[in-house]
Amino acid sequence: MGSHRRLAPSGFDRGAGAALCVMSAAAAALGVLPATSAVAAPHDDTRAEVDRLYEEAEQATEAYNKADERADDLREEVGLAQDGIARQQERINRMREALGALAGAQYRSGGLDPSLALLFSDDPDDYLAKAAVLDRITTHQAGELKDLQDAMRVLAQERSEASGKLGELERSRKAVASHKRTVERKLAKARALLNALPSDERDAYDRASRSGRSGVPDLGSSVPPSARAAAAIAAARSALGKPYVWGANGPSGFDCSGLMQWSYAQAGVSLPRTSQGQRFAGRQVPLSQAQPGDLVTYRSDASHVAMYMGNGQVIHAPYPGAPVRYDPVGMIPGATVTRV
């Protein structure tokens with residue numbers, strides 16, 4: 001979702017600028033102030049504000065992706081913990097049944113041993129804490145009771161850990177919802193600003209975000225450094241023209257990191273969900289040594305990511321309203337290159 005305003009002006013922009021200069025010069029010669037001069041600055045400010053909102057929305061999108069990824073991990077961890085708790089409870093139940101059978105046998109043979117009676121009291125944990133009574137039953141019985149005590153201690157610990165994970169999961173869910181609201185609010189504001197522009201200004205903005213990028217640029221003769229990079233490139237090319245959908249990782253729509261994750265998944269490589277994670281998913285190389293298939297992250301917070309395609313071009317999902325496309329690698333300052 002990088003700001004297209006940092007790109008070199010397109011042919012349309014240059015042509016429009018030249019026409020405006022001619023019109024301004026003619027108006028000056030006639031002593032007339034061009035009507036566009038009174039509104040140019042406000043509209044420029046509006047476009048700059050739209051670009052800023054898109055950038056901030058992208059940062060919030062990556063935060064959303066990170067929180068959502070953590071929530072998925074926590075759901076899996078909670079599921080495993082609950083399975084472990086169930087198995088441990090079954091083990092404890094079997095131990096209790098075995099000790100119950102022993103107590104019944106002792107009762108039928110002449111009465112219930114007082115120590116076993118304690119076990120089946122309303123508070124067996126109190127009994128288990130009184131290790132001194134274990135010497136009143138056989139060594140075998142003492143071992144079984146000790147095993148039960150250990151199992152109950154493990155169960156209590158597992159329940160405590162599962163409770164902590166459930167709490168963290170709930171916090172992560174709230175973070176996901178908060179980041180989602182932030183993204184939607186900023187995108188709604190950007191759309192409102194664009195809709196408030198005169199139709200010709202809005203059309204010019206749309207053309208500027210797409211002009212000269214619909215075709216395949218000259219990618220030079222560089223070759224990918226590996227077969228998996230070549231497969232990822234092929235996948236990314238197949239996504240050209242697909243819409244930007246924030247929080248999406250394909251196959252019908254993508255955000256910036258979602259496109260990278262999906263493309264490399266087609267090559268059998270698992271990448272982190274966020275652009276920040278993808279920045280460290282491989283070996284860092286200088287931009288001057290970038291090869292096709294390398295990941296290019298932008299800004300100090302690595303909030304945008306693209307794939308290097310060769311000859312100074314990348315492919316990426318820019319921002320809402322602009323589909324997956326090629327752009328110059330220098331579209332945003334502060335590029336960092338990662339070879340997967």
Side-chain angles (χ1 to χ4, degrees), residues 1-2 58 61-62 64-66 68-70 72-73 76 210 212-299 302-320 322-332 334-340:
M1 233 196 293
E58 182 167 53
T61 296
E62 290 305 296
Y64 167 89
N65 290 337
K66 183 176 181 180
D68 195 45
E69 183 179 43
R70 180 56 181 156
D72 287 342
D73 292 343
E76 183 177 353
R210 295 170 177 79
R213 303 186 188 102
S214 57
V216 178
D218 178 11
L219 301 177
S221 58
S222 298
V223 297
S226 65
R228 62 184 184 180
I233 288 171
R237 284 176 174 167
S238 73
L240 279 168
K242 295 288 181 67
Y244 181 101
V245 179
W246 76 266
N249 58 349
S252 57
F254 305 89
D255 61 22
C256 66
S257 57
L259 176 61
M260 300 301 106
Q261 185 185 50
W262 179 84
S263 297
Y264 263 98
Q266 310 316 300
V269 179
S270 178
L271 287 183
R273 178 62 183 90
T274 65
S275 55
Q276 290 88 352
Q278 292 170 7
R279 182 177 190 172
F280 300 103
R283 179 168 59 91
Q284 304 288 298
V285 297
L287 179 59
S288 60
Q289 297 177 19
Q291 296 181 23
D294 289 349
L295 302 179
V296 184
T297 52
Y298 295 92
R299 309 187 189 104
S303 56
H304 188 75
V305 63
M307 183 184 295
Y308 190 74
M309 303 298 282
N311 198 30
Q313 298 291 315
V314 297
I315 193 170
H316 68 139
Y319 51 83
V324 175
R325 71 189 190 196
Y326 291 101
D327 268 321
V329 69
M331 59 183 176
I332 306 173
T336 301
V337 181
T338 301
R339 184 156 302 150
V340 178

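Heavy-atom basis, side chains included; hydrogens, waters and symmetry copies ignored. The first residue of the sequence shown is numbered 1, and numbering continues consecutively from there.
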Check: Glu62/Ser275 side-chain N/O donor and acceptor closer than 3.5 Å: yes

Assess whether atom NZ of Lys242 is packed by more than 12 heavy atoms of other residues, nucleotides or ligands within 6.0 Å. yes

Shortest non-hydrogen separation from Trp262 to Gly250 and the atoms involved: CD1-CA, 4.4 Å

Tell me whether the rings of Tyr298 and His304 are parallel (<30°), tilted (30 to 60°) or perpendicular (>60°). tilted

Write down the atom of Gly253, the atom of Val245, and the distance for their closest heavy-atom approach. CA-CG2, 4.0 Å

Is the shortest heavy-atom distance from the side chain of Arg273 to the side chain of Asn249 under 4.5 Å? yes

Taking C-beta and beyond as the side chain, do His316 and Arg325 meet within less than 4.5 Å on heavy atoms? yes

Is there a donor-acceptor pair closer than 3.5 Å between any side-chain N or O of Tyr308 and the backbone N or O of Gly312? yes

Taking side chain as C-beta onward, heavy atoms only, is Val337 less than 4.5 Å from Gln289? no

Which atom names give the shortest non-hydrogen contact between Gln284 and Thr338, and what distance separates them? NE2-OG1, 2.9 Å

Might you work through the side chain to side chain contact (heavy atoms under 4.5 Å, CB included) test for Gln291 and Val285, ending with a clear yes or no? CA-CA 9 Å; Gln291 296 181 23; Val285 297; over 6 Å; no

Asp255 versus Tyr244: any side-chain heavy-atom pair under 4.5 Å? yes

Checking the side chain of Gln278 only, and the main-chain atoms of Met260 only, is there a donor and an acceptor separated by less than 3.5 Å? no

Under the side-chain contact (heavy atoms from CB on, under 4.5 Å) test against Cys256, which residue among Thr297, Val305, Asn65 passes? Val305

Is any side-chain heavy atom of Pro292 closer than 4.5 Å to a side-chain heavy atom of Leu219? no

Where do Leu259 and Ala317 come nearest, in terms of heavy atoms and distance? CD2-N, 3.8 Å

How close do Ala229 and Gly293 get, counting heavy atoms only, and between which atoms? CB-CA, 4.2 Å

Quick one: side-chain hydrogen bond (donor to acceptor under 3.5 Å, both in side chains) partners of Asp68, sequence neighbours excluded? none

Please check this pair: side chain of Arg237 against backbone of Ile315, looking for a donor-acceptor N/O pair closer than 3.5 Å. no

